[in-house]
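Throughout, numbering of the chain's residues begins at 1 and tracks the sequence.
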Amino acid sequence: MPSLFASYLRVYEPLTAFDRDRQVYWRRYVKEGRAVAPLDGPVRQRTAVIEALGAGWTRLPDPPDEAYVLETDDTLLICPWNLRVRVAEAALSARDGVPSVLADAFVPPVLAGQAKAVVEDWRSGARVLEQGVPRVHEQIATWGVPLRWFVFIEEGEREFVTRTGSRALRYRTEISKARRRASRGLAVLRKSVGDAPITQAVEEGARWLEEFHPRSVVELDYGGLVDLLPDDALGADDSPALVAAGLAGLSSGDADAATEAYEKLVARWRAVQLLERCN
């Protein structure tokens, strides 16, 4: 299967963040060796969803619960896929602001009705009381990495693997550090650029991070984007440092430094985004 040219922002939570039934399930899931590696997960997710949608997209997928797993010392950290809910939300989002004829063509009404029911049930008061506040543990971006994600990590947290068949570039950090960086970055942006789209985007990300257990781990994974870039380009990638430099420039009033960092970032990731149009 070909790579999915997408990047991922994930949160892995400790078992104690889940209710008792989920803790039992995830322990058994790991013990049975069913956990999926991040390298294999995206294609497996796509395959499961496409196969479960049915001809004409007449039913909402209901795949078994899967997750990415991190094991650190004696702690299990779980990043559930929540595929059914994510597909339901994506189906509803695809209809927003689209003429009904087109919306019905892309997302048939029967599927939209099922999606609405799933999302409403997931967010219902009874479910929240029973299982806690619902959380989506993974965000996805195609053909690039959203610049706001780099606010949450630092250059020294990079893991770069160049082995054939397992190339990967990812950053992992404690969620407490990611939250502090988001808070600092948001303060700088509010003071320097006000209520701009980038400020709103970082604020949204900061709110998302607050949903999770304080001992969670945040992962920014370049995913299939590594197949678009050679080793030397990946090894030289300093996007987190450029974001940090841009924020430092804004904080100190050095507009030239902030602009230089921003322009380098935009040029780098625009080149990747343009690959989508290559034949």
Can you tell me if Glu174 has over 12 outside heavy atoms packed within less than 6.0 Å of its CD?
no
Please name the pair of heavy atoms, one in Pro146 and one in Ala141, separated by the smallest distance, quoted to 0.1 Å.
CD-CB, 3.4 Å
Run through Leu77, Val11, Thr16 and flag the one making a side chain to side chain contact (heavy atoms under 4.5 Å, CB included) with His213.
Thr16
For residues Asp221 and Arg10, report the shortest heavy-atom separation together with the two atoms involved.
OD2-NH1, 2.9 Å
Rounded to the nearest 0.5 Å, how far apart are CZ of Arg207 and CD of Glu210?
11.0 Å
Counting C-beta onward and ignoring hydrogens, is there a side-chain heavy-atom pair between Phe5 and Val272 closer than 4.5 Å?
no
Leu39 CG to Arg167 CZ distance, which is reported to the nearest 0.5 Å
11.0 Å
State yes or no: do Trp149 and Leu186 share one hydrophobic cluster built from I, L, V, M, F, W and Y residues joined by side-chain heavy-atom distances below 4.5 Å, directly or via other members?
yes
Kindly check if the number of other-residue, nucleotide or ligand heavy atoms within 6.0 Å of CD (Glu32) is above 12?
yes
Would a hydrophobic clustering, with Ile, Leu, Val, Met, Phe, Trp and Tyr connected at side-chain separations under 4.5 Å, put Val266 with Val193?
yes
Begin from the C-alpha positions of Arg172 and Glu154 and carry the test salt bridge (charged side-chain N to carboxylate O under 4.0 Å, His left out) through to its verdict.
CA-CA 9 Å; Arg172 286 176 179 160; Glu154 286 187 350; over 6 Å; no
With heavy-atom distances below 4.5 Å as the criterion, would you say the side chains of Ser192 and Ser251 are in contact?
no
As an exercise, state the distance from CG of Asp19 to OH of Tyr25, rounded to the nearest 0.5 Å.
13.0 Å
Which distance, rounded to the nearest 0.5 Å, do you find between the CD of Glu203 and the OG of Ser183?
11.0 Å
Do the side chains of Arg27 and Leu15 get nearer than 4.5 Å, heavy atoms only?
yes
Pairwise distance CZ(Arg179) to OG(Ser216) - rounded to 0.5 angstrom:
7.0 Å
Any heavy-atom pair between the side chains of Arg184 and Arg181 that's under 4.5 Å?
yes
Apply salt bridge (charged side-chain N to carboxylate O under 4.0 Å, His left out) to residues Glu204 and Arg148 and explain how you reach the verdict.
CA-CA 10 Å; Glu204 181 180 336; Arg148 63 185 180 275; 6.0 Å; no
Side chain to side chain contact (heavy atoms under 4.5 Å, CB included) with Leu242: of Arg268, Glu155, Glu260, only one passes, and it is Arg268
Closest contact, heavy atoms only, Leu4 versus Pro42
CD1-O, 3.3 Å
Donor-acceptor check, side chain of Asp238 to backbone of Ala241, threshold 3.5 angstrom: yes or no?
no
Check for me whether Arg170 meets the cation-pi criterion with Tyr222, that is, NZ or CZ under 6.0 Å from the six-membered ring centre and within 45 degrees of the ring axis.
no
Are side-chain heavy atoms of Ile78 and Phe18 found at a separation under 4.5 Å?
yes
How close do Tyr12 and Pro38 get, counting heavy atoms only, and between which atoms?
OH-CG, 3.9 Å
4.5 Å side-chain heavy-atom contact, Gln139 and Trp208
yes
Take Leu147 and Tyr262, measure what side chain to side chain contact (heavy atoms under 4.5 Å, CB included) needs, and give me the verdict at the end.
CA-CA 9 Å; Leu147 302 188; Tyr262 177 75; 4.2 Å; yes
Do the two ring centres, one from His137 and one from Phe212, sit under 6.0 Å apart?
yes
Rounded distance [0.5 Å steps], CG in Leu189 versus NZ in Lys191
12.5 Å
Between the side chains of Ser239 and Trp269, is a donor N or O closer than 3.5 angstrom to an acceptor N or O?
yes
Shortest non-hydrogen contact from Trp143 toward Leu275:
CZ3-C, 3.7 Å
Full working for salt bridge (charged side-chain N to carboxylate O under 4.0 Å, His left out) between Arg158 and Asp237:
CA-CA 10 Å; Arg158 179 168 64 174; Asp237 183 84; 5.3 Å; no
Shortest non-hydrogen contact from Leu76 toward Glu71:
CD2-CG, 3.2 Å
Phe160 atom CZ, neighbour heavy-atom count above 12 within 6.0 Å
yes
Has the side chain of Asp65 got a donor or acceptor atom that lies under 3.5 Å from a matching backbone atom of Pro80?
no
Min side-chain heavy-atom separation Arg215-Glu13 under 4.5 Å
no
Glu138 versus Tyr68: any side-chain heavy-atom pair under 4.5 Å?
yes
Tyr171 and Glu159: side chain donor to acceptor below 3.5 Å:
no
Sidechain-backbone polar pair: Ser7 side chain, Gly144 backbone, donor-acceptor under 3.5 Å
yes
According to ring-ring contact (aromatic ring centres under 6.0 Å, His included), who are the partners of Tyr29, at least two apart in sequence or on a separate chain?
Trp26
For Phe152 and Leu220, run side chain to side chain contact (heavy atoms under 4.5 Å, CB included): C-alpha distance rounded to whole Å, both residues' side-chain angles, the deciding distance at 0.1 Å, then the answer.
CA-CA 9 Å; Phe152 310 140; Leu220 193 168; over 6 Å; no
